[in-house]
Amino acid sequence: MTRPTSEPTVEVTHGGSPGRERDHRRGKRRGRGGGAEQSMVPDADFTSYYGRPIVKAAPWEHDIAYYLFTGGVAAGSSLLAAGADLTGRPGLRRVARLGSLGGLLASIGFLVHDLGRPSRFLNMLRVAKLTSPMSVGTWILSIHGPFAALASAAELAGMLPSRWQGGPVRLLLAAGRPAGLAGALTAPPVAAYTAVLLADTATPAWHAAHEDLSFVFCGSAAAASGGLGLLGSPLAEAGPARAFAVGGALVELAAERRMERAMGLSAETLHHGVAGRWVRASITLTVAGAVGAVAGRRSRALSAVSGAALMAGSLCTRMGVFEAGIASARDPRYTVVPQRERLERGEPVRHHE
């Protein structure tokens with residue numbers, strides 16, 4: 001994944017001709033009788049040369065948006081599986097472990113497809129750069145993945161006939177709980193680092209959301225993995241999944257509201273066009289899923305439908321954030337106007353890493 005280019009200096013145009021901002025008093029003259037000064041030039045139009053984008057849009061396809069979703073499901077399911085294992089809920093543990101494995105495999109598939117060749121993923125492991133979210137994220141996945149896969153393999157081994165559960169299979173079964181607990185400890189960074197990866201770019205909407213996007217993604221991951229637990233586990237064991245799903249949905253919705261207030265002008269991209277449709281669907285599905293999860297404590301069918309709605313809402317959240325970032329990079333206004341506002345406040349125009 002190629003990181004988008006950094007944000008350039010503000011450029012404004014006066015009457016359609018490009019040029020840097022002049023002194024505010026220049027080009028003015030006094031009216032008759034010493035009255036108020038009248039501007040001799042039109043107000044600045046905050047665009048770019050020929051209306052072209054100022055920052056380069058991320059070269060990522062929708063594979064990355066799907067990767068954001070499946071990575072969240074894998075991380076949340078690892079946490080849920082560990083809790084189910086410690087509290088004696090084998091049905092919920094099985095669903096969560098298999099969901100974690102499925103999410104992990106799908107994440108790797110989407111990431112490798114975006115990179116083009118599996119070797120590019122392996123090449124990122126040649127160095128560890130703490131200042132690079134992409135490098136850190138690669139290592140986080142590489143550490144979390146084997147533990148989650150081992151716990152899932154133990155779960156699959158437990159489904160074999162008892163006559164096949166001797167020798168190496170018995171060792172695998174014994175490793176299931178330690179591996180699951182290790183996977184749970186490494187799961188939260190997997191859910192959160194993708195938000196840091198987006199916010200570290202110069203893409204206006206993503207960078208403007210840097211303070212709250214991790215909370216949105218972690219809440220979304222909890223809602224989706226809890227929804228998966230409601231969808232597949234027995235009703236008698238679904239209590240932790242229900243609490244996880246409803247809690248995650250509340251965190252996601254609250255963090256989204258806070259994020260929009262902090263984003264300033266860039267928040268417009270979350271309400272218009274393709275991104276707006278995804279975000280509206282996300283809110284509707286997440287609210288409906290959370291309400292249904294609370295109301296469906298005694299209904300297997302309602303719990304399953306609510307779980308599916310929460311998973312769909314989480315996917316819509318990731319798609320909406322992804323599309324909003326792409327839209328903000330294509331419109332120069334979302335780069336220039338915030339720069340102008342920072343300049344007027346006496347803040348640095350450029351974002352420093």
Side-chain angles (χ1 to χ4, degrees), residues 67-109 140-160 165 169-194 217-249 251-252 289-290 293 297 300 303-304 306-308 310-311 314-315:
Y67 163 73
L68 301 177
F69 167 69
T70 55
V73 173
S77 295
S78 289
L79 281 169
L80 193 58
D85 187 27
L86 294 175
T87 56
R89 291 177 168 86
L92 177 59
R93 182 195 65 202
R94 177 171 300 172
V95 171
R97 281 184 175 176
L98 297 182
S100 175
L101 179 62
L104 186 64
L105 292 177
S107 296
I108 294 174
I140 288 174
L141 273 178
S142 300
I143 294 172
H144 169 77
F147 291 118
L150 182 58
S152 300
E155 194 64 43
L156 291 172
M159 299 168 64
L160 296 173
Q165 294 184 6
V169 176
R170 181 176 299 176
L171 294 176
L172 179 59
L173 291 172
R177 174 169 290 185
L181 294 176
L185 290 175
T186 56
V190 174
Y193 100 90
T194 50
F217 277 14
C218 286
S220 177
S225 54
L228 178 62
L230 291 175
L231 186 61
S233 65
L235 188 63
E237 299 182 13
R242 197 179 310 278
F244 208 49
V246 174
V251 170
E252 178 186 351
R297 295 175 181 174
R300 180 72 182 83
S303 293
S306 300
L310 287 166
M311 293 190 71
S314 178
L315 174 61

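Every heavy atom of this structure was used, including side-chain atoms; hydrogens, water molecules and symmetry mates were not. When a residue number appears, it is its place in the shown sequence, counting from 1.
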Working for side-chain contact (heavy atoms from CB on, under 4.5 Å), residues L235 and S303: CA-CA 8 Å; L235 188 63; S303 293; 3.7 Å; yes
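Taking CG of L230 as the start and CG of L92 as the end, the distance is 9.0 Å to the nearest 0.5 Å. Between atom CG of residue L105 and atom OG1 of residue T70 there is a gap of 10.0 Å, rounded to the nearest 0.5 Å. In this structure, CG in L181 is found 7.0 Å from CG in L185, a value given to the nearest 0.5 Å. Here the CG-CG distance, from L101 to L150, works out to 11.0 Å after rounding to the nearest 0.5 Å. Here the NE2 atom belonging to H144 is positioned 9.0 Å from the OG atom belonging to S107, to the nearest 0.5 angstrom.
Within a 6.0 Å sphere centred on CZ of R297, other residues, nucleotides and ligands contribute 12 heavy atoms or fewer.
No side-chain donor-acceptor contact under 3.5 Å links S314 to the backbone of L310. A donor-acceptor pair is defined here as one N or O able to donate and one able to accept, closer than 3.5 Å; such a pair exists between the side chain of T186 and the backbone of A182. In this structure, R300 contributes its side chain and L231 its backbone to a donor-acceptor pair below 3.5 Å. One N or O on the side chain of S152 and one on the backbone of A148 form a donor-acceptor pair closer than 3.5 Å. Within the 3.5 Å criterion, the main-chain N or O of G91 finds a donor-acceptor partner in the side chain of E237. Between the side chain of R97 and the backbone N or O of G176, at least one donor-acceptor pair lies under 3.5 Å. A donor-acceptor pair is defined here as one N or O able to donate and one able to accept, closer than 3.5 Å; such a pair exists between the side chain of R242 and the backbone of A293.
The shortest heavy-atom contact between L172 and A153 is CD2-O, 3.8 Å. Taking each heavy atom of P188 and L79 in turn, the nearest pair found is CG-CD1, 4.3 Å. The two atoms that bring G183 and F147 nearest to each other are N-CB, 3.7 Å, heavy atoms only. Across all non-hydrogen atoms, the minimal contact from V190 to G71 is CG1-O, 3.9 Å. S225 approaches A222 most closely through the heavy-atom pair OG-O, 3.3 Å. In terms of heavy-atom proximity, S78 sits nearest to S100 at OG-OG, 2.9 Å.
The side-chain contact (heavy atoms from CB on, under 4.5 Å) with L228 is formed by just one residue from the set V95, L98, L80; it is V95.
Take E252 and apply the side chain to side chain donor-acceptor pair (under 3.5 Å) test, not counting sequence neighbours, and it matches T317.
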